[in-house]
Amino acid sequence: MATTTSQKIKLGVFVILGTLILISALFFIGNRQHLFTKNISIYAQFENVNGLQIGNNVRYSGINVGTVSKIEMLAESRILVQMVVEESTGKFIKKDAIATIGSDGLVGSMVVNILPGKENLKSVIPGDTIETYSRIGADDMLSTLNQTNENAALLTSDLLKITNKILEAKGTLGVLVSDTILAQDIKLILNNLKETSEQTTLAMQKINRELANIDFNESIAGTLLSDTLARNRLEKIIISLDSSSHEISGITKNVNAMIKEIKEGEGALNYFTQNRELVENIDTTMINFKESSIKLNENMEALKHNFFFRGYFRKLERQKNREAQKN
Amino acid sequence: MEDLKNIEPILEIKDLKKSFAGNAVLNGFNLKLFEGENLVVMGKSGSGKSVMIKCLVGLLQADSGIIRIKDQDIEVLGRAELDLLRTHIGFLFQGSALYDSMTVRENLEFPLRRHKKKLKLNESTESLVQEALRNVGLEHTIDLMPSELSGGMQRRVALARALILKPEIILYDEPTTGLDPITSKEIIELMRNIQHTYNTSSLIITHDVDCARVISNRMILLVDGINYMQGTFEELSNSKDPKVQAFFKN
Amino acid sequence: MDSNTIWGNVKSFFAEVGDMAYFAGRFFIEVFKSPFEFRELLRQCYNMGNRSLLLVSVTGFILGLVFTLQSRPTLMEFGAESWMPSMVSISIVREIGPVIIALICAGRIGSGIGAELGSMRVTEQIDAMEVSGTNPFKYLVVTRIVATTLMLPLLILIGDAIALFGSAIIENLKGEVSFLLYFNQVFDALTFADVIPATIKSFFFGFAIGLVGCYKGYYCSKGTVGVGEASNAAVVYTSMLLFVIDFIAVFAADIFYG
C-alpha cells in the first residue's frame, strides 16, 4: 500500500508528461486540416490591400479554402499577395476568377474573396496570378461626395443670387435672346438641372426610406449605417444633397421665369449693350453650373455603385424592369 | 506475574520497529497484554507511545516486528478482516476525536452502522446507544453536538463510543490528557468501572503518574524506543534507576 | 531533505503530483467497490448544492449584469446592440460561467473540504473512523468527490441561467429589449455545441475541486497550521488545475465541435 517518494515522483513525471502530450496531440489534431492536406499557391496583385495580414482567410464562393501566406510590395501601388489554397478546392477556381479584399463581417479581420470565373475555362495551376478588382472604399467615397456637395451648394447659391438679379434687371434678357449659343447652353443646363434634381429628389426619398429602415434592418448595410460615425457623415451629405436639390429647383424656377420673359421680349437688347459685364458673368456661371450638375450626376451614379446602396438600386432596377415587362 | 507467562496473551507485540524519515522511534519494542489486566505504558512525550498504539490497530505500518491480536497477525490481514478485528478493539483517542459534524447519538451509532449484524448484537441500535451513554452518565446529551459539551463530557462520550461494540480490548491513548485533575479522576474511575463490568483487557498509554497508580496492574516503561523496565507500580516507583526515577519524581 | 534547492522543489512538485495521481487512482478503485455510502453521498450533495446556491446565484447575477453593462458600449459603437443577447449568452455559457463559478466553488467547497478533512485528520477523527471499522476514504473522500462532480454542473447551469437573467435585466433597462425577445435571441444563438462541451467540462471541474480538496485535507499535516495550509492549498491548487482542465477542454471541444 505505502508508496515511496521515488514512486510518487515517477508517477508525477508521468502525469505531467501525459498531460503535455495530450495537450499537444489535441492541438495538432485540431489543426489537422493544415497538416494533412495538399496546398497550392496562387497569386494576386492589388493596389491597396486595406490592412490584409498574413494568415487572413481566403474564401472562394464564401467557403474558407486557405490563407494568405505572403504579402510583398513589388512597386508603387503593386502589392503581390500569395495565397495558399487547398488543392481539392483549387480545381474549382478558374483562371479568370477575380480576387477582392473585403472585411469579414463588420468588425472582423480582412479576407480575400475569390469570385468564381466562367465555368468553361481551365482551373488555376500552382503559381497562377488571378485578376483583382479594387472597389472604392466606403470612406473615400463618402469624403469625395461630401466635398463635391459642398461645392455644388456654394455654386447653386451663387447662381440663385445671379438669377434673382437677372429677374430684377429685366433689360439684360434681350442680350440673352440674341446670343443663341448662350440660349442653347441655358436650355441644356435646364435639361440637366431638371434631370439632376429629379434624380436627386428620387434618390433622397429612397435614401430617407432606407435610413428609416436601417435600425430594424439586420443586413450588413443596416449594421454599417448604425455605426454612428459613418451615419453622421452620411446624414450630413444627405442634408446638403437635399438643400442643393432645393436650390437647384429654385434656380430652375427662376430660369423658367427668365425664359418666359425672354419670349415676351421686353427690349433687353439695350440693357445688354450697357451691361456686358453681367452677361459674361452669367456665361461663366452657366458653365460652372453645367459642370457642377454633371458632377452631381456623377456623384449620384457613384452612390448607386457604392456597395451598401448597390443592393437597393439593383432592386429598384429590377422593379423597373418588371414594370416595363408588364407594360 | 511469572505464572502469566504460560497463558496466551490476547495481544502481543514482538520486536516492533518504526522510524520516521530516518529517526528511529521504536527500536524493538515488546509487549504482552493478558486477558482482564490493565497494562499501563508510560513514557515521555515523543517516546513513541502513540506510534506504538497506532501500529497496534493498523493506523501506522510498522517497519518490522510482529503484532498479534487474538492470534491474528495484523500485518497479513486484508481490509475486511482487519475491520472485523478492529471491532473487538475499543480505542479512546487523545483528543476524544468525536465527529464534530454529528450529534452524540450519531457519533455513537457510527461504529454500529456496519458491524452490528456481523457481531450478532441483538439489541436495537437505540438501546445500545442508551446503554453506552448510561455507562458514562450522559444520557441527557444524546441530541447535543460535541461542540456543546465540555472537554470532560466529550472524553466520556468518546469512551462510550469506544465501548459501544462491547470490545474485548480497549486502548486508551492518554485518557486524562488536557483534563483538570478532578475530571481526570472521574475518567479514571469510569475506566475502572467499565473494566469491572465488562471484564475487558486495557492497554493504557499515559504520562500521568496518578492515573497509572490508580489503574495499573502492571506497567511498562518505554524509554529510547524499547521497553526499558516492567513491573507493578510499586516495583517501578521504588526503582533506583535514574531514568525510571525521573518519571516518579515530582 | 533538500527542499530548499531548485532540484528539491522540482522533486517535491513531481512527488506531490504523483501522490495526487495515486489518490485519484485510489478514488477510482474505491468508488466502484461496495459498500456504498449512499446516505452520506446524498448528505454531501445536499450540503454542497445548498450551501453554494446563494453564492453561485449572487455571483452569477452580478456576472451577467456587469458583463452586459461593460460590453454594451463597445457593441453600441458598432451599432451591434442587437448582438448583445447572443454574444453574452455564448460567452457566459461556453466559458465565463463555468470558469467563474468553478473558481467560486473552489473557494467555497474546495477550501471547506480541505479544512473539514484537515481538522478531522488533526483531531484524529479520521483515525477514529478507521478504527471503528469504517473505511474513511470511502466515507469521507469518495462521497465528497462524487458529490462535487455531480453538483458542480448543476451549480454551473443554475449560475449560467441567473447570469443570463441579470444580463436580460440590463438589456431590458438600457436597450428596451423585452425578456421574451432577449431569451428568444439567447436560445437562437445557443447550440448544443456550446452547451455540451461546457457541461462535460464542468463535471471535470467538479472532480478537480473534490479531488484536490480531499487530497489536501486527507493528508493534512499535524496542527492547526496544517489545517489552514490544507484549505489554502486546496483553493490554490484547484484554481490552477481548473485552468489546466479548461485549457485542455477548449482544445478538445474545438476538435469535436469546431
Side-chain angles (χ1 to χ4, degrees), chain A residues 1-36 64 103-109 138 211 213-235 308, chain C residues 1-3 7-26 29-30 71 73-83 86-87 135 137 175-176 181 185 188 197 204 208 211 215 219 240-241 243-258:
Chain A
M1 278 295 278
T3 47
T4 64
T5 313
S6 73
Q7 273 176 306
K8 286 178 190 171
I9 292 172
K10 273 180 208 155
L11 185 65
V13 171
F14 177 75
V15 168
I16 298 280
L17 279 183
T19 312
L20 291 179
I21 289 168
L22 175 69
I23 289 172
S24 39
L26 288 174
F27 178 77
F28 284 120
I29 294 168
N31 290 327
R32 64 192 184 282
Q33 303 97 307
H34 301 290
L35 273 184
F36 303 123
N64 281 339
S103 70
D104 185 7
L106 179 61
V107 287
S109 46
L211 275 181
N213 282 335
I214 276 158
D215 280 346
F216 310 101
N217 195 338
E218 288 192 345
S219 70
I220 297 247
T223 348
L224 181 67
L225 287 175
S226 300
D227 177 333
T228 24
L229 203 79
R231 188 200 198 153
N232 283 345
R233 218 159 172 189
L234 204 64
E235 253 168 26
F308 45 83
Chain C
M1 288 291 270
D2 51 352
S3 57
W7 177 234
N9 281 334
V10 169
K11 249 167 54 176
S12 66
F13 169 73
F14 281 118
E16 177 123 20
V17 172
D19 204 20
M20 214 181 285
Y22 272 117
F23 193 76
R26 194 172 162 198
I29 291 167
E30 303 229 6
S71 359
T74 316
L75 278 195
M76 260 172 82
E77 220 166 277
F78 297 118
E81 302 103 294
S82 57
W83 291 354
S86 47
M87 192 200 86
N135 183 349
F137 193 91
E176 289 172 351
L181 176 63
Q185 293 193 355
D188 246 22
F204 284 97
L211 180 75
Y215 170 75
Y219 292 129
M240 261 165 43
L241 193 54
F243 283 110
V244 173
I245 292 172
D246 195 46
F247 184 59
I248 296 172
V250 167
F251 276 125
D254 200 42
I255 289 174
F256 295 113
Y257 288 96

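Chain letters run A, B, ... following the sequence lines, proteins first and then strands; every chain starts at 1.
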(request) Before giving the answer on side chain to side chain contact (heavy atoms under 4.5 Å, CB included), spell out for A:Val13 and C:Val17 the whole-Å C-alpha distance, their side-chain angles and the decisive distance to 0.1 Å. (result) CA-CA 8 Å; A:Val13 171; C:Val17 172; over 6 Å; no
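Neither the backbone nor the side chain of C:Val10 comes within contact range of chain A; no heavy atom of the residue lies under 4.5 Å from a heavy atom of that chain.
C:Phe23 CZ: more than 12 foreign heavy atoms inside a 6.0 Å radius.
Side-chain contact between A:Val15 and C:Phe14 is absent, with no heavy-atom pair separated by less than 4.5 Å.
The CD1 atom of A:Ile9 sits 12.0 Å away from the CZ atom of C:Phe13 when rounded to the nearest 0.5 Å.
Closest approach of C:Ala21 and A:Leu11 over heavy atoms only: CB-CD2, 3.4 Å. Closest approach of A:Gln7 and C:Tyr22 over heavy atoms only: CB-OH, 3.9 Å.
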